[in-house]
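Before any comments, here is the structure.
Both backbone and side-chain heavy atoms feed into the values below; hydrogens, waters and symmetry mates do not.
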Amino acid sequence: MADFQLQDKASTGAPRRRFDPWLAGAAVFFVGAAAFAVAPALKAGPVTLAGLLLLLGVAGVAILGLVAIRGSAVSGGDVDQAEDFIDALSEPAALAAPDGRLLAANLSWREVMGDQRRLPKGVAGSSLFAALVQARKGEMAQGVLRASGVDHTANVSRLAGGRLLIRLTPIVEPQRAVETLEAAPVAERVAPPPTTLDAFAGASPFGAALLEGLEPFKSRVLEVNPALTTMTGGKAGMVFGDLIDATTRAEAETRLNEGKAGPFEVRLARDQTRIAHLYLYRAEGRVVAYMIDVSEQKQMELQLAQSQKMQAIGQLAGGVAHDFNNLLTAIQLRLDELLHRHPVGDPSYEGLNEIRQTGVRAADLVRKLLAFSRKQTVQREVLDLGELISEFEVLLRRLLREDVKLITDYGRDLPKVRADKSQLETAVMNLAVNARDAVRAAKGGGIVRIRTARLTRDEAIGLGFPAAESDVAFIEVSDDGPGIPPDVMGKIFDPFFTTKPVGEGTGLGLATVYGIVKQSDGWIHVHSRPGEGAAFRIFLPIYDAPAGVIAAQAAAEPVKPRAARDLSGAGRILFVEDEDAVRSVAARLLRARGYEVLEAADGEEALLIAEEHAGTIDLLISDVIMPGIDGPTLLKKARGYLGNAPVMFISGYAEAEFSDLLEGETGVTFLPKPIDIKTLAERVKQQLQAA
């Protein structure tokens, strides 16, 4: 059956109209209306003008009615023809009204869609109705119709009378090829052997070579493109394996024999610092080899890995240094207490003093770790680059001894930098000492050169600072020693890595330099070739503040008070420290010198004490890194209770945010851990006297 209610079929197959009650009813009412209209006219007689006009009007209406009824019959015939056409289609097809009502459908449609009277709505037919709108404009349209979980492509076209023909085609997904269990080492194809490289391979920016034979590393080169010749120096007639470094060639050949697929990472025999990816494509009897230079990519990967490694080590070193500083502080404070009981001449004094000297060495080691991890508290000041090196040159000459000559080269128009003076001096000293050790170990002496200059952007990029954006300050420490071996270059800034004999170095010199430069917002680059010496180049941002600002800053800097001889005093101190061993010993020693000390184990307890003693606290001493409320946050919350009382922070290390806080705050000082009681008592008295 082609439709649901519209037509039937005779046994002969010819279409036969069914009785339509709506059409019959309309005809009956039309005939009755015409008779009722004619009756008054006949009664009045056609001789009158009104009767004649009425008869003419009724006749016209009757004619129009007959035309309409015939048109309906013709339309029904058109529907019958459309339904016959739909029945003849093998794919699911249906005839729909513009509003989505189904007028007719073939058997295939009903098998797919069921006996629905309308096209589906919602998600299943959302794309189809967009196609219906497009088809009503006379265009061929396609949509997607979902039925029983299967998507069908719906082709929609417009027929006479505004009806729409919809035909469905199932969407068949291509079957995935069955994956083989073993990957082929080179791509296989059935094709005649190539006799030459195609135009694409010949003009490509990567290397390509046509090889005679199926063993790539033993085959001779038939043809190469210009890119491969530039990369490897290869020419026709050479053995392809000779273009690759022997070690990486053996590794690639082993992987190829094991059935591994490319690419194979190889080094070039012409320049072993160049790395390439090798792809092999096998045709019948021959192999086409493609080679892509990935040296820069590998270098970037190594730099990223090195940066991530240094960052991870720095975080570890900073955390260890923080805890270790607390332990050293507790040890040194206890030693101060014991030395007070066992002064010079006491049998125990010598042993206690040796313990103290060992603690000082441990503290110096921790400071180097903090410098590497960039967690040292920096106190930046404006420095003239030439004056900095000039003042430091006398000390350097003493360190380098007589067999090593120091040459200083001061450039013109040397800039100012804003950095921590002691840190920069430490960095230059470590580089100079390393250069001294290198030349003395290689040839018993040599030359160490320190050069300072102002560099333009292009000069800085040429000397190893690729991210330079403007002029920079430049410090270079170089020597004429043996240089740094290539296999060591990537490890020189790692903490505890050293090439010196056991007992002659901690391996923290260059790691400290690296951290200092990075914490100063600078860049460090190493240039070295075997037999030509090494040059460490430091690039620092230039400080170009107006002259009036520099003068105002110099005038505002307070004069540092002299160290107090009398370490006793009076005043109320709020001492905040989460390490019990440090807090209890320091508070006891301060009380012994006449101070009233209020102890707090964390920031929350310190806030309560500050509120309870508001306006009566003379000095706040606080650790920086504490659980809960840290030192800077405590200062902000307790400032209303402290008034103008000075604040002293003590810590094993401080983050950059805290360093910035020190620069902007007044009445705030910093005392790095580990601390001893003498230094602590001197600073306390200085702060109370200044207040």
| Is there a donor in the side chain of Thr273 and an acceptor in the side chain of Asp271, or the other way round, less than 3.5 Å apart? |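 Distance-only check passes for Thr273 and Asp271.
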| field | Pair Asp293-Ser295, side-chain donor/acceptor within less than 3.5 Å | value |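 Yes.
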Which atom pair, heavy atoms only, marks the closest approach of [X] to [Y]?
X	Y	answer
Met429	Leu396	CA-CD2, 3.9 Å
Leu268	Met291	CD2-SD, 3.7 Å
Ser520	Gln423	OG-OE1, 4.3 Å
Val224	Ala209	CG1-CB, 3.9 Å
Ser528	Ile484	OG-N, 2.7 Å

Measuring only between side-chain heavy atoms, which start at C-beta, is [X] closer than 4.5 Å to [Y]?
X	Y	value
Arg537	Phe474	yes
Val513	Leu431	yes
Lys405	Val448	no
Arg454	Ile542	yes
Leu280	Leu256	yes

[Y]/[X] salt bridge by N-O under 4.0 Å criterion:
X	Y	value
Arg397	Glu393	yes
Glu212	Arg220	no
Arg440	Asp403	yes
Arg449	Glu476	no

| Does Lys443 NZ have over 12 foreign heavy atoms under 6.0 Å away? |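 Yes - once you tally the heavy atoms of other residues, nucleotides and ligands closer than 6.0 Å, there are more than 12.
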| message | A quick test of your reading: do over 12 heavy atoms of other residues, nucleotides or ligands sit less than 6.0 Å from CD of Glu258? | response |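 Atom CD in Glu258 is packed in, count exceeds 12.
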| message | If I take atom CG from residue Asp471 and atom OG1 from residue Thr456, how far apart are they, to the nearest 0.5 angstrom? | response |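 Going from the CG atom of Asp471 to the OG1 atom of Thr456 covers 6.0 Å.
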| Ring centres of Tyr514 and Phe493 under 6.0 Å apart? |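 Between Phe493 and Tyr514, which both carry aromatic rings, the centre distance is below 6.0 Å.
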| request: Only counting residues at least two apart or in another chain, list the ones meeting ring pair (Phe, Tyr, Trp, His ring centres under 6.0 Å) with Phe465. | output: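 Scan of Phe465 (ring pair (Phe, Tyr, Trp, His ring centres under 6.0 Å), adjacent residues dropped) gives Trp523, Phe539.
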